[in-house]
Every structure is written in C-alpha cells, then in structure tokens.
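In what follows, a single structure is set out as structure tokens and then discussed.
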Amino acid sequence: MFITGVTGYVGFAVAKQFLSQGYQVSGLVRTQEKAEHLIKLGISPVIGDLADLALLAECTYAADGVIHTAISHNSDMEKLDVHAVDAMLDGLEGTGKTFVYTSGTLIYNDTLHNVVDEDSAVNPLPFLQWKANQEQKVLTAAERNICTVVIRPALVYGRGGGLVGATIQRTKLAQFAKYVGDGLNAWSTIDVDDLANLYACAYTFASPGALYNAASKELITTKELMIAIGKIAGVAEIESCSYEEAVHVLGPAAWGASINQRISGLRAEQQLQWSPSANSIVKELEEGSYQAFAKIKR
C-alpha cells in the first residue's frame, strides 16, 4: 500500500489503519527526519514530493494499491495535484489495482437546509472547480482497468488535530470566538479514525468508479462549535459577527464558516460494511483529545 501525505492529519490515520490490518505500508515524505519517524512505526518511507512524477509512477506501479491524501497548500496546489494524479493513474493503468482519491464536501457549496448525497449535483465555487474536475478524471479512469474510488470527507475532527485544533489555537491567540450571523448553519462531521476505517473499507469492498461521502449522522452548528472551542480556549467573548467582519479575521475561510454542509454518508454505510462509531465532535471537544488544549497556558 502506497500512501501520499502519509505524515498528514488524514494520511497518518489511514496509514495506521492499514498497518493494524496487516498491510505493508509505504509513504511519500519530504524529509529524512520524517522518513526516520516512519521507519520507527513500521512504514517504509519514500522521500520525494508531488512534483516527482517519475517517482510517483514508479511507486504506484510497484504497490498493490494507492491512497492519495497529500495536498500542497500553496499557489501550485492545483497544478501539482493534476500532474501527480495523472502520473499515478498512468502507473496503475491496466493493473486492476485500487486508487483512492481524497476530495471534499466543499464542492457541494452551500447545501442550505438540504441534506445532500452522492447523487446530488455539485456546485463548486471557481477556486474549487479543479477539484470537481479531478474527481471526474479519477472516476472515469475506471475505464482504464483501475479500481478508482473518490472519498469526500466532511468536517474532520479527532486526535486533537485538524481544522478544529487549528481553530482552538487561533482562538487562544485572538482571545475571542466568533460565528457568522446567527450561527445556525450546520456542518456534518467525521472522526479521523472513522474516516481512516472508511478508506480501508473502500479499498476492500468498493467497485471501480465508486464515490462516497465520509460523514457521520451528527451535525454541529457553527455557533455550537465556537462556543465549545471558546470554552476550551478560555475566552469570555463568544459572539456573532457579520460576514464582512469574518472576512477581515479569517480571510477566504470566512466563506466556509458561513455556509451549511449537511451531508449524507449513508451510501458508504450501505455498501462498504462501514459504520462510524467514534465520539461525536461535541463529546470529543468536551471530554476527549481537544481537552489537552485547555491544559496549555495561554
């Protein structure tokens, strides 16, 4: 099993899931330091990055399957992902092996009060159109005798990390917690270990060209989320703000904080023998891994 982004938030959880099931796992890392860490965990490191197209093709051809979770958070994000996926699909063509691509539910845009599923139309904003294009390329690559699968995670939480952990840190620094408008816009959620288990189930049971949302049945409003985060961060100021104020504080991320992401993960439960079972995001915030932030002095 070859995993890109193996030291990332999702990729590392996926790697540990496959290791626990007895798979041999290799992963793409950028530095020798990270490579040494992986060796200690029983993961075979491959030093390189998404720009190393020949290396990616070689690794995917040699592997029994590929999980792509890596993404570069810079101006070349789209270009790197497009070329990297092309190289990996070329390496897998004709093999019948599995390639799992990580997308995201933000390509639905604002779901309003509707709960959307995999049959619902996507409506990506212009800066996310490339992600929708990547999905289609991966799904149609099933015609090239590759067992391609696309997974769209909702808001990922758990293990004290992800967007939730980053928001707690930002709130501690700013000493205020704000939500947009009435804060009743709601997001579907998925624990990172439940998500990792979904990757394993998709690898085992998914048919070529399959698409799955990764979402538990739990919704949390942004107001509920920011109140819980504010408590952990130890801030007294937890209040509403306008969208314009949010843009000033959060930049482009204000859009995500202002929309609904009501997502059904029922297809994965029905087809992949998968069922999320971790703490809810509320319980994880109140009693679980994020409580470590409350012990850190500001």
Side-chain angles (χ1 to χ4, degrees), residues 4-5 8-10 50 68-86 100-141 148-157 162-167 170 178-190 195 211-216 219-226 240-265 267 281:
T4 69
Y9 181 50
V10 172
L50 293 182
H68 180 42
T69 69
I71 192 162
S72 59
H73 296 283
N74 57 41
S75 59
D76 291 332
M77 174 169 45
E78 175 182 349
K79 178 181 176 181
L80 285 170
D81 196 69
V82 168
H83 292 318
V85 169
D86 285 345
V100 183
Y101 181 75
T102 306
S103 184
T105 59
L106 285 176
I107 66 171
Y108 286 113
N109 205 327
D110 191 344
T111 66
L112 303 175
H113 292 290
N114 304 311
V115 177
V116 299
D117 61 21
E118 294 85 351
D119 293 325
S120 303
V122 297
N123 183 31
L125 290 180
F127 76 94
L128 284 174
Q129 182 61 52
W130 71 271
K131 200 70 172 177
N133 295 343
Q134 287 289 82
E135 280 193 5
Q136 288 306 305
K137 178 170 65 180
V138 170
L139 294 174
T140 57
T148 55
V149 183
V150 170
I151 293 178
R152 292 175 182 157
L155 174 64
V156 186
Y157 69 93
L163 177 62
V164 175
T167 304
R170 188 183 69 241
K178 295 183 183 291
Y179 49 88
V180 180
D182 61 13
L184 298 182
N185 56 305
W187 295 345
S188 293
T189 63
I190 183 68
L195 176 58
L211 167 66
Y212 297 102
N213 291 330
S216 70
L219 289 167
I220 188 168
T221 67
T222 53
K223 181 177 181 178
E224 291 170 330
L225 179 63
M226 293 313 298
S240 168
C241 70
S242 68
Y243 182 73
E244 290 71 24
E245 288 178 279
V247 170
H248 179 71
V249 174
L250 301 175
W255 164 71
S258 70
I259 66 172
N260 285 274
Q261 284 276 280
R262 300 170 185 262
I263 312 295
S264 169
R267 177 185 287 183
I281 189 171

Would you say that more than 12 heavy atoms from the other residues, nucleotides or ligands in this model lie under 6.0 Å from the NZ of K223, or not? no
To the nearest 0.5 Å, what is the distance between CG on N114 and OH on Y108? 12.0 Å
Where the side chain of N260 meets the backbone of T111, is there a donor-acceptor pair that is under 3.5 Å apart? no
Rounded at 0.5 Å granularity, tell me how far CG in L250 sits from CH2 in W255. 13.5 Å
Check E135 against S103 and note the closest heavy-atom contact, atom names and distance. OE2-OG, 2.6 Å
For residues S188 and Q261, determine if any side-chain heavy atom of one lies less than 4.5 Å from a side-chain heavy atom of the other. no
Kindly say whether V116 contributes a backbone atom to a donor-acceptor pair with the side chain of R262 at under 3.5 angstrom? no
When you measure from the side chain of D117 to the backbone of D119, do you find a donor-acceptor pair of N or O atoms at a distance under 3.5 Å? yes
Do K131 and Q134 have side-chain N/O donor and acceptor atoms under 3.5 Å apart? no
Do L225 and I281 touch side chain to side chain, with heavy atoms closer than 4.5 Å? yes
Measuring from atom OH of Y179 to atom OG of S240, what distance do you get when rounded to the nearest 0.5 angstrom? 5.5 Å
Take I71 and M77, measure what side chain to side chain contact (heavy atoms under 4.5 Å, CB included) needs, and give me the verdict at the end. CA-CA 7 Å; I71 192 162; M77 174 169 45; 3.4 Å; yes
Correct closest heavy-atom pair for V85 and K137 would be CG1-CE, 4.1 Å
is_close_aromatic(Y157, W187), centroid dist under 6.0 Å: no
For the backbone of H68 and the side chain of T102, can you confirm whether one donor and one acceptor N or O come within less than 3.5 Å of each other? yes
Quick check: closest heavy atoms across N74 and D76, and the distance to 0.1 Å? OD1-N, 2.8 Å
side-chain contact (heavy atoms from CB on, under 4.5 Å), paired with R152, selected from I107, L106, I190: I107
Between the side chain of T222 and the main-chain N/O of G183, is any donor-acceptor distance below 3.5 Å? yes
For the side chain of T221 and the backbone of A186, is there at least one donor-acceptor N/O pair under 3.5 Å apart? no
State whether a side-chain donor-acceptor pair under 3.5 Å links Y101 with D81. yes
Is the backbone of L184 close enough, under 3.5 Å, to the side chain of D182 for a donor and an acceptor to pair up by distance? yes
Considering all heavy atoms, the nearest T4-A70 contact: OG1-N, 3.1 Å
Closest non-hydrogen atom pair between I259 and N185, with its separation: O-ND2, 2.9 Å
NE2 on H83 to CG on L50, rounded to 0.5 Å: 11.5 Å
Using every non-hydrogen atom in the two residues, find where L139 and V150 come nearest and quote the distance to one decimal. CD2-CG2, 3.6 Å
Is the backbone of N123 close enough, under 3.5 Å, to the side chain of N109 for a donor and an acceptor to pair up by distance? yes
From NE2 (H248) to OG (S242), nearest 0.5 Å: 10.5 Å
Would you compute the distance between atom OG1 of T189 and atom CD1 of I263 and round it to the nearest 0.5 angstrom? 11.0 Å
